[in-house]
Number of protein chains: 2
Amino acid sequence: MAEQADVLRRTPLSRDRILRAAVALADATGIESLSMRNLAQDLGVVPMALYKHVANKDELLDGMIDVVVGEIDPPVPDADWKRTVRLRVLAARRALSRHPWAALAIESRNTATPGVLAYLDSTVGVFRAGGFSTDLTHHVMHAMGSRILGFSQELFDAARRAGRSGATGPEPAAAFPPEAAARFPHLAAIAGAASHDEASVVTPGCDDQFEFEFALDLLLDGIERLHRQDWTSTGRAS
Amino acid sequence: MAEQADVLRRTPLSRDRILRAAVALADATGIESLSMRNLAQDLGVVPMALYKHVANKDELLDGMIDVVVGEIDPPVPDADWKRTVRLRVLAARRALSRHPWAALAIESRNTATPGVLAYLDSTVGVFRAGGFSTDLTHHVMHAMGSRILGFSQELFDAARRAGRSGATGPEPAAAFPPEAAARFPHLAAIAGAASHDEASVVTPGCDDQFEFEFALDLLLDGIERLHRQDWTSTGRAS
DNA sequence: ACCTGAACACCGTTCAAGT
DNA sequence: ACCTGAACACCGTTCAAGT
């Protein structure tokens, strides 16, 4: 770590080098412990040196987001809009999964970065090429929400960690704790219901990838149905 | 503001009074400017006095979340699970909408609060009472994601603010800016496509409530279809 | 025993002094 | 002209000194 900093010290700073170091630091220690001072130290540089290349911390975060979004595999041309969207979303999920802080960072910024806009634009293009009206495409993009970028909101996942004390850093989701099970019987009943393979009796947690694809397909199937019946917002043909 | 603090100064501090003041402060000035020092000043109290009632800032945030979740109208008994879920989710949306900081706060905490767990538990109960298997209920809860608490992820919304400079504080979503329209033609094409009423030509933004209900119904319709065909995770009957 | 001021270990960022 | 140390205005939280 220290000798690496020594090696890098003489190579000149650049926006790109700063962004890559910031991503690596957030990957390693979490976004909440990423600070300008901290990042500067990793780069063997005085904190103020960073401000030559990024205006402030918000711009740094925007840049980091676009590094991650830039890792998403380009779309594979396919006649079928549904398969194209599905593969691209799963590619986004792979990229975002490599950087666990990225999803929350994207949601926290109240303005989309150029990289996110480019991604959304190309995805809209897939729907349009598939024959979707601008009207339906608009609503469909809203309905997909952040799922279009490969992440869901982890709200329900947080319940699996309900009894966790958070002392020993990140760890796999624990089983639903007994005292919570008594107070929340319905949650306890379904917590163990998703053992997709019989071997996972000890850790009854569910398969995140399965859940994601389940929700994605639920949405895509519904979208396909609306598209087939030429749905418009003025008169629902349901 | 100052005379209000004077009046409150002699009424004794309590966890409840702290939480309500924190919610009010976050509502008024945003969650990012809520600090312990700041909140203490609003209460006419020295910062350290707060620590008698909340262990730390994280616990304060958890308490604030449960104040908001506690404002959700209780479920209305109805024979129809679909209508029950729909009404409850829309009730959650109304409560969360009154506190714009709450959605992100809930997502940021990596453990569910007791109030959120209670809400999820009762919602699971609605599905179970409607005849859903534990298996399907589990996946369905994941698929709904944070939408079950009445908020979506605003990812696509951020695109509408793409050209915004953020200088003058919170403001309604601006029209898609011209220079962005050139770079992201597909987004520009659908940005204006959602004028639900003809009067909104000047501000072509879309109707958030419509988009939310569109997505909610898309999910509920898909869920109903799976339920009708007795879907199980082992053999998809699609 | 309770309360609280000062202090500690941090932040992001400004700015003026150094080269 | 460029770089950077010190400083400013904040944080959350600890702790010891006061009552």
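These figures come from a predicted structure and were not determined experimentally. Residue numbering restarts at 1 for every chain, and letters A, B, ... go by the order of the sequence lines.
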Next on the checklist: Going by ring-ring contact (aromatic ring centres under 6.0 Å, His included), name the residues that satisfy it together with A/F127, two or more places apart in sequence or in a different chain.
Outcome noted: A/W81, A/F132

Checklist entry - Taking only residues two or more places apart in sequence or in another chain, which ones pass side chain to side chain donor-acceptor pair (under 3.5 Å) with B/R94? => result B/D73

Item to check | Nucleotide nearest B/N38 (side chain, heavy atoms from C-beta), chosen from C/dC11, D/dC11, D/dT13 | outcome: D/dC11

Checklist entry - So, B/R17 side chain and B/P12 main chain: donor-acceptor pair closer than 3.5 Å or not? => result yes

Item to check | Which atom of A/L60 lies closest to which atom of A/A22, heavy atoms considered | outcome: CD1-CB, 4.1 Å

Item to check | Under the salt bridge (Lys or Arg N to Asp or Glu O under 4.0 Å) test, residues paired with A/D62 that sit two or more places apart | outcome: A/R109

Item to check | Base versus backbone protein contacts along nucleotides 14-19 of chain C [heavy-atom cut-off under 4.0 Å; B, S, -] | outcome: B-----

Checklist outcome for this item: Applying side chain to side chain donor-acceptor pair (under 3.5 Å) to A/R88 and not counting sequence neighbours gives A/S122

Next on the checklist: What stems show up for DNA chain D when you take Watson-Crick pairs (N1-N3 plus N6-O4 or O6-N4) and G-U wobbles (N1-O2, O6-N3), both under 3.5 Å, and require three or more consecutive pairs?
Outcome noted: C:4-8 with D:12-16, C:12-16 with D:4-8

Item to check | Nucleotide nearest B/R37 (side chain, heavy atoms from C-beta), chosen from C/dT13, D/dC11, C/dT4 | outcome: D/dC11

Checklist entry - Who passes ring-ring contact (aromatic ring centres under 6.0 Å, His included) against A/H142, sequence neighbours left out? => result A/H138, B/F156

Next on the checklist: Rounding to an integer number of angstrom, what distance separates D/dC2 and C/dA16 when you compare their C1' atoms?
Outcome noted: 14 Å

Next on the checklist: Looking at every non-hydrogen atom in both residues, tell me the closest pair between A/D121 and B/L187 and how far apart they are.
Outcome noted: OD1-N, 2.8 Å

Checklist entry - What integer distance in Å separates A/N56:CG from D/dA9:C1'? => result 17 Å

Item to check | Which residues share a side chain to side chain donor-acceptor pair (under 3.5 Å) with A/S97, sequence neighbours left out | outcome: none

Item to check | Minimum-distance nucleotide (side-chain atoms of A/K52 versus D/dG12, C/dC11, D/dC3) | outcome: D/dC3

Item to check | salt bridge (Lys or Arg N to Asp or Glu O under 4.0 Å) against A/D16, all qualifying residues, sequence neighbours excluded | outcome: A/R20

Item to check | Selection: residues 20-28 of chain A, any non-hydrogen atom under 4.0 Å of DNA chain D | outcome: none

Checklist entry - Between atom CE in B/M36 and atom C1' in C/dT4, what is the gap in whole Å? => result 15 Å

Item to check | Distance, rounded to the nearest Å, where A/L50 contributes CG and C/dG12 contributes P | outcome: 10 Å

Item to check | Integer angstrom distance from the C1' of C/dT14 to that of D/dG12 | outcome: 23 Å

Item to check | Gap between atoms CG and P, on B/L43 and C/dC3 respectively (whole Å) | outcome: 15 Å

Item to check | Distance in angstrom units between A/H53 NE2 and C/dG12 P, rounded | outcome: 18 Å

Checklist entry - Between A/E32 (CD) and C/dG12 (P), how many Å, whole number? => result 13 Å

Item to check | Set of residues satisfying side chain to side chain donor-acceptor pair (under 3.5 Å) with respect to A/E59, sequence neighbours excluded | outcome: A/R15

Next on the checklist: Whole angstroms only, please: what is the CG-C1' distance between A/L34 and C/dC10?
Outcome noted: 14 Å

Checklist entry - Between D/dT13 atom C1' and B/K57 atom NZ, what is the distance in whole Å? => result 12 Å

Item to check | Pairing residues for A/E71 by the salt bridge (Lys or Arg N to Asp or Glu O under 4.0 Å) criterion, not counting sequence neighbours | outcome: A/R98

